Chemist: 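Structure below; questions to follow.
Note on naming: letters A, B, ... go to the chains in the order of the sequence lines (proteins, then strands), and numbering restarts at 1 for each one. Computed from a prediction, not measured in an experiment: that's the story for all the values here. The figures that follow rest on heavy atoms only: side chains count, while hydrogens, waters and symmetry mates do not.
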Amino acid sequence: MAEKIQKPRGTRDFYPEDMAWRRHLEARWRAVAVRNGFEEVDGPIYETLDLYKRKSGEGIVSELFSFRRTGGEVDYAVRAEFTPTLARMVAERANTMPKPVKWFAMPNLCRAEAPQRGRLREHWQWNVDVIGSDSPVADAEVIFTAVDLLREMGLTSQQVKVKVSHRDVVRRILLRMGVAEDKMIDAFTLLDRRDKITPDDFARQAAALGLDAATVERFNQVARTRLRSSDDWSRIVDDFGIPESDVTQLRLLHDQFHAFGIAEWCEYDLGIVRGLAYYTGTVFEIHETSGAERAIAGGGRYDNLIESFGGPATPAVGFGMGDVVLSLVLEDRGLKPTDVAPPADVFVLAATADAQPLVGPITAELRAAGLHTRFSYKTTTNVGKLLKDATNCRARFAVILDDKAASGTVGVKDLASGEQVEVARDALVEHLRDAI
RNA sequence: GUGGCUGUAGCUCAGUUGGUUAGAGCAUCGCGUUGUGGUCGCGAGGGUCGGGGGUUCGAAUCCCCUCAGCCACCCCA
């Protein structure tokens with residue numbers, strides 16, 4: 001007997017029920033993106049390794065599945081994120097497209113990290129980007145699109161929150177506290193890790209940024225500043241003693257959230273900075289409020305990235321939402337449907353042995369008419385068992401063939417209501433089309 | 001990549017201090033009954049006990065290695 005080979009670590013097989021769910025989710029992603037005015041794009045599942053090095057430096061390489069073709073001289077890597085591909089595509093056509101460009105994609109992405117709950121080595125990610133506008137309207141529109149999807153899936157503003165910050169606003173606050181410009185990246189990293197290290201370590205590392213004891217405490221205050229969107233955002237101005245002009249960008253964002261009607265889904269959290277170095281302005285993460293799962297989505301503004309890929313200076317903002325965490329959250333909340341496979345329209349069955357030869361021809365006729373039609377391979381004429389099979393494939397109607405079929409009529413049973421009528425076989429297709 | 005926990009049928013789990021041929025419920029499939037989604041009866045398939053090696057007369061059980069999952073770290077697309 002041949003040795004069994006396991007699937008690669010951290011990957012998934014999609015059996016029919018899993019595949020049905022994936023297709024269902026993808027259909028929702030696509031429908032929401034389209035109604036928000038985005039167009040679908042995709043790129044290759046691998047790129048040259050240089051593309052990823054250019055954006056993230058050598059550090060990213062250890063997380064990539066990279067390879068070289070046998071006998072080849074070029075290093076490639078399976079895509080671990082879509083943004084570099086997007087930037088490359090935009091750079092190539094930047095001058096020929098009306099701005100802003102609004103694109104979405106649903107790529108599968110791979111990364112070579114230790115898998116655990118909510119983090120696998122391959123996942124599908126919904127990417128939504130507005131390219132070519134520096135307006136806060138664009139920031140708000142992509143966040144609106146994310147919220148639109150969450151709402152579509154049945155989640156509420158009580159269950160999930162968009163945590164929003166703005167790197168430039170945080171930078172200004174930290175500058176006034178005395179953090180040197182060349183320590184800003186370190187300061188962001190520390191903000192990002194605020195909840196993962198002890199208060200002592202936090203204070204020690206904050207001090208290492210050149211802050212005195214009193215300022216370290218205020219730095220900590222920044223890290224933990226959270227405002228409900230309904231609160232007065234200008235509290236930040238008072239708390240940190242900074243001029244109102246320093247928070248202008250956050251305030252403009254705040255106005256747009258109200259304009260888009262998503263203010264109740266949003267809250268401000270200055271500790272959110274996102275790990276990626278290329279974010280320049282707005283940054284946000286979407287979390288469920290129970291804290292049980294990882295971030296559902298993350299994104300922000302990356303105004304310098306397109307240019308770094310050889311395109312013209314082009315502002316952009318977008319986010320990625322993975323299928324893994326979203327599915328877990330929906331499951332946690334009892335919002336993940338289990339019956340999303342395509343239901344049958346009709347189930348054809350024979351109640352008598354004499355009628356069995358008619359199952360094939362009638363099935364073929366219905367299928368040719370475009371109806372999703374099923375029948376049983378079982379030889380039984382036990383109507384009860386066959387109706388159970390019909391129910392299992394969620395058929396809307398059962399066509400029941402018995403002795404009357406010889407005289408030209410068949411039974412059509414509505415499986416939801418239980419009502420059954422006799423229909424002339426000649427009129428069967430028309431009858432079912434009208435009913436469905 | 002590092003450390004900890006876990007691994008028996010598709011699912012949920014039994015399995016005595018190491019002792020015959022590893023069990024149950026549910027699910028699946030088949031047969032029968034009542035002929036319209038139900039009920040009941042009978043039966044079957046399905047496990048090299050995650051994999052490999054070792055100790056032993058004998059291993060699901062003890063030891064080592066390995067793989068996978070989960071948790072934490074790292075990282076966060």
Chemist: Please report, rounded to the nearest Å, how far the P atom of G10(B) is from the CG atom of D13(A).
Modeler: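 Computing the D13(A):CG to G10(B):P distance gives 15 Å.
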
Chemist: Give me the distance, rounded to whole Å, that separates A27(B) from U33(B) when you measure between the P atoms they each carry.
Modeler: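 Their P atoms lie roughly 22 Å apart.
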
Chemist: Paired with G30(B) by Watson-Crick or G-U wobble geometry, both distances under 3.5 Å: which nucleotide is it?
Modeler: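 G30(B) is paired with C42(B).
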
Chemist: So with a 6.0 Å cut-off around CD of Q116(A), is the heavy-atom count from everything else above 12?
Modeler: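 Yes.
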
Chemist: Considering only atom C1', compute the distance from G19(B) to C13(B) and round it to an integer number of Å.
Modeler: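 About 24 Å, rounded to a whole number of Å.
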
Chemist: In whole angstrom, what separates I296(A)'s CD1 from C76(B)'s C1'?
Modeler: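 Those two atoms, CD1 and C1', are 16 Å apart.
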
Chemist: Please walk me through it: do Q356(A) and T381(A) pass side-chain hydrogen bond (donor to acceptor under 3.5 Å, both in side chains)?
Modeler: CA-CA 8 Å; Q356(A) 280 182 325; T381(A) 55; 5.8 Å; no

Chemist: How long is the line joining CZ of R117(A) and C1' of U6(B), in whole Å?
Modeler: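 Rounded to the whole Å, the gap is 16 Å.
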
Chemist: Considering only heavy atoms and no angle criterion, is a donor-acceptor pair shorter than 3.5 Å present between the side chain of R119(A) and the base of C75(B)?
Modeler: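 Looking at the base of C75(B), it does pair with a donor or acceptor on the side chain of R119(A) (distance under 3.5 Å).
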
Chemist: Can you tell me how far P of A72(B) sits from CD of E113(A), to the nearest Å?
Modeler: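 About 14 Å, once rounded to whole Å.
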
Chemist: In whole Å, measure the gap between the P atoms of G7(B) and U12(B) for me.
Modeler: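 So the two P atoms sit 13 Å from each other.
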
Chemist: Would you kindly check if the NZ (Lys) or CZ (Arg) of R22(A) is within the cone defined by 45 degrees around the ring axis of F14(A) and under 6.0 Å from the six-membered ring centre?
Modeler: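 Yes.
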
Chemist: Between K378(A) and F82(A), which has a closest nucleotide on RNA chain B that is more 5'?
Modeler: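 Its nearest nucleotide lies further toward 5', so the answer is K378(A).
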
Chemist: Using a 4.0 Å heavy-atom cut-off across all strands, classify A114(A) as base, sugar-phosphate, or nothing.
Modeler: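 It contacts base atoms.
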
Chemist: Got a salt bridge between D269(A) and K161(A), using NZ or NE/NH1/NH2 to carboxylate O under 4.0 Å?
Modeler: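 No, D269(A) and K161(A) are not salt-bridged.
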
Chemist: Using the P atom as the reference point in each nucleotide, state the distance between G54(B) and C70(B) in Å, no decimals.
Modeler: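 After rounding to an integer number of Å, I get 32 Å for this pair.
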
Chemist: Nearest 0.5 Å please: distance from the CZ atom of F188(A) over to the CZ atom of R171(A).
Modeler: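 Rounded to the nearest 0.5 Å, the CZ-CZ separation comes to 7.5 Å.
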
Chemist: Could you let me know what G69(B) is paired to, Watson-Crick or G-U wobble, both distances under 3.5 Å, or none if it's on its own?
Modeler: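 Check on G69(B): paired to C5(B), both distances under 3.5 Å.
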
Chemist: I want to check one thing: is the phosphate of G69(B), taken as OP1 and OP2, less than 4.0 Å away from some side-chain N or O of R9(A)?
Modeler: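 The answer is yes; a side-chain N or O of R9(A) sits under 4.0 Å from OP1 or OP2.
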
Chemist: Mind checking whether H431(A) and F397(A) have side chains closer than 4.5 Å, heavy atoms only?
Modeler: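 A side-chain contact is absent here, since even the closest heavy-atom pair is not under 4.5 Å.
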
Chemist: When the C1' atoms of G23(B) and G46(B) are considered, how many whole Å apart are they?
Modeler: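 Nearest-Å result for G23(B) against G46(B) at atom C1': 14 Å.
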
Chemist: F319(A) and ring-ring contact (aromatic ring centres under 6.0 Å, His included): which single residue from W126(A), Y302(A), F82(A), F38(A) fits?
Modeler: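 By the ring-ring contact (aromatic ring centres under 6.0 Å, His included) criterion, F319(A) pairs with just one of W126(A), Y302(A), F82(A), F38(A): W126(A).
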
Chemist: Between C1' on G69(B) and CG on L328(A), what's the gap in Å once rounded to a whole number?
Modeler: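 Rounded to the whole Å, the gap is 14 Å.
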
Chemist: In the 5'-to-3' direction, what one-character label does each nucleotide of nucleotides 32-42 of chain B receive under the scheme B = base within less than 4.0 Å of a protein heavy atom, S = sugar-phosphate only, - = no such atom?
Modeler: BBB-BBS----

Chemist: Using the P atom as the reference point in each nucleotide, state the distance between C57(B) and G15(B) in Å, no decimals.
Modeler: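 These two P atoms come out 28 Å apart once rounded.
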
Chemist: Could you state the CD-P distance from E285(A) to C75(B), rounded to the nearest angstrom?
Modeler: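 Rounded to whole Å, this separation is 15 Å.
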
Chemist: Considering only the C1' atoms, how many Å lie between A22(B) and G38(B), rounded to the nearest integer?
Modeler: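 Between the two C1' atoms, the distance is 36 Å.
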
Chemist: Paired with C62(B) by Watson-Crick or G-U wobble geometry, both distances under 3.5 Å: which nucleotide is it?
Modeler: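 Base-paired to G54(B).
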
Chemist: Distance check needed: C76(B) P versus E122(A) CD, whole Å only.
Modeler: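 Rounded to the whole Å, the gap is 21 Å.
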
Chemist: Look at all strands and tell whether R79(A) reaches a base, only sugar-phosphate, or nothing, counting heavy atoms closer than 4.0 Å.
Modeler: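 No contact.
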
Chemist: Rounded to whole angstrom, note down the P distance from A44(B) over to C26(B).
Modeler: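 The answer is 16 Å between these two P atoms.
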
Chemist: How close or far is atom C1' of C76(B) from atom CG of L109(A), stated in whole angstroms?
Modeler: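 In whole Å, C76(B) C1' lies 13 Å from L109(A) CG.
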
Chemist: Is it the case that atom CD in E17(A) sees more than 12 heavy atoms from other parts of the structure closer than 6.0 Å?
Modeler: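 Yes, because the 6.0 Å sphere around CD of E17(A) holds more than 12 heavy atoms from other groups.
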
Chemist: Scan T282(A), D168(A), D139(A) and name whichever one has a side-chain hydrogen bond (donor to acceptor under 3.5 Å, both in side chains) with R301(A).
Modeler: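 Exactly one option meets the side-chain hydrogen bond (donor to acceptor under 3.5 Å, both in side chains) with R301(A), and it is D139(A).
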
